[in-house]
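Everything on this sheet refers to the single structure shown next.
Predicted model only: the values in this text are computed from it and were never measured. Just so you know, ligand 1 is whichever comes first in the structure, and atom 1 is the first atom listed for that ligand. In what follows, every heavy atom counts, from backbone to side chain, and hydrogens, waters and symmetry copies are set aside.
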Amino acid sequence: MMLKGKTALITGSTSGIGLGYAKVLAAEGANIIINGFGDADAIEAERKSLEGLNGASALYSGADLTKVDAIEEMMAMAANAFGGVDILINNAGVQHVAPVEEFPVDKWNLIIALNLTAAFHTTRLAVPYMKNKKWGRIIQTASAHSLTASPFKSAYVTAKHGLAGFTKTVALETATFGITANCISPGYVWTPLVENQIPDTMKARNMTREQVMNDVLLAGQPTKQFVTVEQIAATALFLCGEAASNITGANISVDGGWTAQ
Ligand code: NAD
């Protein structure tokens, strides 16, 4: 078990990609802190099943990551329970699709707070413990949109480009402490986040559901396939290993060739 004795905190892990990370890291013996919103019973069932995977502990924090106080409480919980966080995966994120001149100001603020600023707060609170231990892994779920843009996603593209720059800076600051900081940048992965943006895209582009899936979502993905949650999770697990200890400040595309174009 590669991660026995380590603690991993994964934001936005009640669903989609985050849940995929939690499963592979728990299976390798890491203690897990999951976070995110959702049905309390479903979350409790998930937490229990993570504990069953390889004997590690799993805790849940319902912190709303748009609130600094809530992030500080979540990180304090990790410190009290496990001493700190060895593997930090900043994954929580939301999307909103609208032309820039109509982009709701509250949606802009939400996306910058959650998809970008929250990662600053978790990182600043996790790094002292990692530096002390001379080991750490910081992994961001960025996006192909950290490298390239699409229309109608101004806030998301801005936040993800910011996250990529932030990660490079953290990589430089922590490079001599056994800590790596990297982005994983998926193309379209089939998760609730992708499914939920289909209606807005249908409206913004005046298209049917099938047209949005084939002509918008998979149009830019040369493989013409959605990336899977398991493929993203496997990339994170690789980054946690010794073989990846010299990969830092990188932005790893798992996007079916999207950003090669
Ligand atoms: P998802 O909607 O399935 O999961 C998002 C998670 O974030 C959920 O657990 C949700 O409860 C949580 N969350 C939402 N608001 C929160 C808040 N205020 N505080 C705490 N948690 C909150 O989405 P997903 O597709 O799994 O996306 C995960 C990450 O992957 C996001 O950062 C997203 O931008 C990125 N991403 C997704 C795709 C894709 O195609 N699905 C592609 C590239 C990047």
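- For Lys134 and Phe177, the positive end is not near the middle of the six-membered ring at less than 6.0 Å and at most 45° from its axis.
- Using a 3.5 Å distance cut-off with no hydrogens or angles, the side chains of Asn35 and Thr14 do not pair a donor with an acceptor.
- Checked for salt-bridge contact, Lys133 and Asp86 meet the test: a charged N lies under 4.0 Å from a carboxylate O.
- Residue-level contacts of ligand 1 at the 4.0 Å heavy-atom threshold are Gly12, Ser13, Thr14, Ser15, Gly16, Ile17, Asn35, Gly36, Phe37, Ala63, Asp64, Leu65, Thr66, Asn91, Ala92, Gly93, Leu114, Thr141, Ala142, Ser143, Tyr156, Lys160, Pro186, Gly187, Tyr188, Val189, Thr191, Pro192, Leu193, Val194.
- Closest heavy-atom contact between Gln140 and Ala119: OE1-CB, 4.3 Å.
- Side-chain contact of Asn251 with Ser185: a donor-acceptor pair under 3.5 Å is present, judged by distance alone.
- Distance alone, capped at 3.5 Å, places no donor-acceptor pair between the Thr259 side chain and the Asp255 backbone.
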